[in-house]
Amino acid sequence: MIPQTFEYTAPKTLEEALQIIAGGGKPLSGGMSLIPMMKLRLAAPDHLVDLGRLKDLHYIREEGGALHIGATTTHQDVASSALVRGKCPLLAQTAGGVGDPQVRNRGTIGGSVAHADPSADYPAAMQALEAKFVLKGAKSERTVAAADFFLDTFLTALEPGEIVREVIVPVEDGSTGTHYEKVVQKASGFAVVGIAVRISRKAGKIVWARVGVTGLANHAYRATAVEKGLAGTSGGATEVQNAAAVVADGIEANSDLHASAEYRKHLAVVHTIRALLAALARTA
Amino acid sequence: MATTIAKPELLVGKRLRRREDPRLITGTATYVDDIKMPGMLYAVIVRSPHAAASIKSMDVSKAAQHPGVAAVFTGKDTEKVGPVPCGSSLPGLRVPHHYILAPERVYFVGHPVAVVVATDRYVAKDAADLIEIDWDVRGAVADPEKAIADGAPPVHPQWPDNKAFTHHQEGGDVDKAFAEADVIVKQRITSQRLIPTAMETRGVVAEWRAADRQLNLYSSTQIPHLMRSLVAQMLGLEENRLRVVTPEVGGGFGSKLNVYAEEALMGFVAMKLGKPVKWIESRRENFLCTIHGRGHVDYYEVAAKKDGTITGIKLLIIQDLGAYHQLLTPAIPTLSVLMMPGLYKTANIRADIIGAFTNCVPTDAYRGAGRPEATHGIERMVDILAAELKMDPVEIRLKNFIQKEDFPFPTATGLTYDTGDYSLPLKKALGMVGYEKLRAEQAEKRKKGELMGIGISTYGEICAFGPSPATPAGGWESATVKIDPSGKVTVMTGCSPHGQGEETTFAQIAADELGIDIDDILVLHGDTAIVQYGIGTFGSRATAVGGTALYFALQDLKAKIKKFGAFLLESDDATLAGGVVTCNKTGASKTLQEIAGATYRAMKLPANTEPGLIATHFWEPTNFTFPFGAHIVVSDIDRETGGITIRRYIAVDDCGNILNPLIVDGQVHGGVAQGLGQALWEEAVYDESGQLVTGEMTDYVLPRAHMMPWIESDHTTTPTPVNPLGVKGVGEAGTIGCSPAMVNSVVDALSPLGVRHIDMPMTPEKIWRLVQGASSQEPVARMGERL
């Protein structure tokens with residue numbers, strides 16, 4: 001539990017931070033994943049660049065019909081924000097179920113997204129929300145959609161020198177119901193399977209549905225087949241069951257000590273049904 | 001200076017808050033890692049990454065030259081240090097030489113091979129990473145049944161069958177019982193390896209004062225005095241030159257009822273370097289290198305009559321010992337054999353143990369130590385028998401219980417149960433849970449295909465270890481009570497509490513006996529330089545044995561107080577009560593404070609009386625105690641996911657007289673948490689090559705507060721005649737009673753699907769697969785071959 005020697009810098013400005021990162025520094029946000037890996041010497045960065053003290057990365061604001069959340073905003077701040085709870089309840093609910101209180105008080109949205117743990121909660125919500133990530137390097141800034149961001153286990157579209165600066169999620173309208181359904185891996189607090197769902201229903205018909213899945217595959221994905229199966233239906237129990245049945249089709253499911261691939265796929269179906277029904281109950 | 005307050009109000013039986021808690025809650029307690037000494041060095045231990053290997057070569061030169069490194073020692077340097085001790089002496093026991101650092105061969109992942117000592121932990125760890133070892137990796141075996149099968153790789157080359165010992169015990173005529181049985185039920189039942197996971201990992205600080213020829217060893221242990229005797233022997237140091245201090249101990253659960261390589265190793269390092277040295281176990285080391293618990297594969301057969309009368313029990317235990325014997329490793333399964341009849345009046349038993357070496361860390365005592373396994377086995381078998389005979393699990397238990405008029409009851413395994421009325425807690429628990437109504441609800445639910453279970457366990461324990469002939473290092477306990485000239489009282493107990501609350505309960509005993517305020521009493525423990533010799537805290541013994549030693553020391557002291565008081569009052573008819581000696585004729589009195597002062601000033605002494613007020617008593621029990629109780633679990637199963645929800649948890653314990661109900665409740669709650677941990681979540685998983693797969697907190701599922709059900713606990717009170725306090729012990733009860741009740745509940749829920757047994761931990765996936773129709777049955781033929 002003793003990390004190797006490393007240099008530590010807590011820059012005063014984002015520009016300064018990005019310059020050090022461009023030179024090979026490793027960005028540190030809440031440290032909920034990086035620090036344990038360093039303690040076990042599975043990671044040994046030479047230089048940690050602490051983004052935690054950059055006040056201008058810690059914010060939640062509504063702008064142009066979307067919520068903009070700064071990278072170092074903690075899970076607890078997201079979960080308890082009246083703005084997020086009111087306008088993007090799926091994100092607030094997801095944040096409130098991450099890990100445990102200590103993790104939620106330290107861990108950050110940007111750190112979690114950038115780490116891209118295949119069992120993390122946020123990525124499911126990001127897929128369902130079609131979130132956008134503002135990626136910033138010393139000399140660049142670009143916006144990448146969640147669908148193009150999560151590439152593989154612990155692998156994202158981030159280029160060397162880039163950090164996640166901001167997360168952009170939509171503001172829901174009155175027709176949308178959302179829910180996050182999670183099977184908790186009891187030792188780690190991560191998701192064995194997590195299903196994030198948004199459904200827009202108008203005049204008794206599902207206009208569209210978005211389903212994000214975490215824990216099942218090498219990275220969180222959108223179950224578009226489920227979404228298509230629901231569109232245009234009234235969201236009755238049989239329709240939901242039929243649509244959810246394909247959530248894991250074609251997926252090479254993870255298998256570990258806590259759940260075999262077969263059981264994970266089964267859980268994905270069961271919890272997709274449960275998440276859809278819960279979300280539908282919240283639609284107008 | 002405050003006066004010592006006479007207080008006639010009795011404290012024993014009161015729900016007093018623990019006096020040790022303020023320092024724990026405010027973070028001011030001192031643990032081993034809080035100890036800092038000038039010039040202190042830090043040790044990091046280099047451990048084997050392989051379960052079975054030989055060291056072809058080891059190059060420590062880069063580590064030794066690393067800036068800040070004081071020394072590197074390998075197995076060649078420490079070869080002359082005595083082996084890590086095994087305290088068990090079963091006949092024919094094979095005891096491998098357990099070096100504190102392996103000089104050549106390693107036998108499990110985490111086996112220590114070198115120690116790096118440096119100016120701080122970080123430097124030591126960096127240097128440790130520079131040690132180059134060329135390994136010759138050998139075949140390993142991590143499963144006890146595979147280990148004793150033909151062709152398994154030998155853990156120790158000199159014993160190719162991997163059997164450390166076999167043990168056979170028989171009572172009555174078991175063959176006749178089975179020949180005449182109407183029904184025989186058989187089942188393979190496992191009790192998986194568990195990781196004790198004390199919140200504070202182990203740690204040692206060693207300080208060598210060469211000029212005084214004095215080694216001070218600070219260790220997080222349950223047994224400071226035994227450690228002193230054993231480590232002194234290992235180091236070749238005179239016992240009186242070794243002082244062992246246990247600062248605050250952040251949990252033990254049996255895992256610190258041991259002497260480990262690191263304790264002697266730090267002593268060795270400190271003596272070599274002449275500087276204090278600290279080693280603090282990392283959590284990963286704790287998982288890999290501190291003993292594990294359980295590790296049973298049990299084959300049961302129970303013979304019975306049609307009416308449910310149990311007539312015989314056969315049991316084969318295959319005990320996963322790991323690679324070595326730690327202090328009590330081979331003795332633990334023998335406790336399972338002793339308790340195999342449970343609360344039932346069976347005269348005929350046959351038990352065999354095969355102690356199997358595996359390439360894993362040794363198993364040893366973990367909360368309950370052999371008794372949870374035995375209770376789990378017999379309580380599962382009774383349910384299986386009830387199902388076979390279509391009897392209610394309550395009815396079959398009541399039918400087979402030893403009756404209250406049968407005590408003292410000689411068991412088929414050679415014990416004498418002290419006292420009991422086993423139907424009392426069961427009936428109380430049934431009343432609390434509303435048994436009849438629940439069965440009716442269950443019947444309704446079953447019609448709808450819903451899975452609801454009611455699980456019962458009625459358990460007995462063997463506690464208060466114990467008569468000395470039945471224990472490896474003496475089963476007595478000691479107490480000294482010292483009253484200062486000012487009348488203040490200090491209790492020194494030989495048991496070394498580490499969370500059991502004896503600083504409170506022992507003060508309650510002393511306050512009542514002396515008739516004074518509890519705040520005038522200080523309880524000290526865990527320092528061999530302060531406390532007379534003692535045995536330790538384990539096996540639910542501290543209050544029953546150590547508390548009784550205290551009781552008798554107090555009687556000695558009271559006699560002297562009374563004698564002195566009467567002498568000062570010039571009375572030949574005086575009474576000691578409420579901390580005051582009163583002359584029954586004149587009504588004149590002397591307070592404890594006045595008497596204490598007079599005993600030390602010693603201006604006048606009664607005939608044949610020494611000055612001072614101090615008494616020491618070593619108490620040897622004549623028998624164990626045998627607490628009992630009943631747990632009931634009501635559970636609901638999610639058919640779709642296999643998830644288990646505990647709806648009700650009832651725990652009724654009979655631990656004899658209760659000194660402090662708050663502490664007893666806490667012990668039961670903590671015990672149930674660890675019982676549920678085994679039943680539902682915990683398992684130390686080794687892969688085939690001997691790597692510990694559950695090597696981190698992120699993979700080993702410990703119970704947490706939010707995972708616990710509400711525990712409805714109550715008690716019945718049947719005082720033991722074994723000691724004058726009438727107390728029996730409660731530290732392990734919750735764990736022992738829990739796992740069979742939990743498993744019985746889930747098996748009951750799944751019984752409409754034909755499920756008869758489920759091995760622990762009952763993970764949702766396991767339950768889901770059973771619901772899907774997979775069989776949980778082990779082939780019966782395989783059992784027949786073994787027994």
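Within every chain, numbering begins at 1; the chains are lettered A, B, ... in the order of the sequence lines, protein sequences first and strands thereafter.
Counting heavy-atom pairs closer than 4.5 Å to chain A, the top-ranked of the candidates Glu683(B), Glu640(B), Met707(B) is Glu640(B). Of all the listed residues (His271(A), His258(A), Arg264(A)), the one sharing the greatest number of non-hydrogen pairs under 4.5 Å with chain B is His258(A).
In this structure, Met126(A) and Leu91(A) approach most closely via the heavy-atom pair CE-CD1, 3.7 Å.
The pair Arg47(B)-Glu262(B) counts as a salt bridge, with a side-chain nitrogen and a carboxylate oxygen less than 4.0 angstrom apart.
For Asp120(B), no part sits under 4.5 Å from any heavy atom of chain A, backbone or side chain. For Thr763(B), no part sits under 4.5 Å from any heavy atom of chain A, backbone or side chain. Contact annotation for Asp100(A): only side-chain heavy atoms (C-beta onward) come within less than 4.5 Å of a heavy atom of chain B. Neither the backbone nor the side chain of Pro703(B) comes within contact range of chain A; no heavy atoms are under 4.5 Å apart.
By the 6.0 Å and 45° rule, Arg193(B) does not stack over the aromatic ring of Tyr686(B).
In Arg647(B), the CZ atom is crowded: over 12 heavy atoms of neighbouring residues, nucleotides or ligands sit closer than 6.0 Å.
Aromatic ring pairs are classed by plane angle as parallel below 30°, tilted from 30° to 60° and perpendicular above 60°; the pair Phe253(B) and Tyr366(B) is perpendicular.
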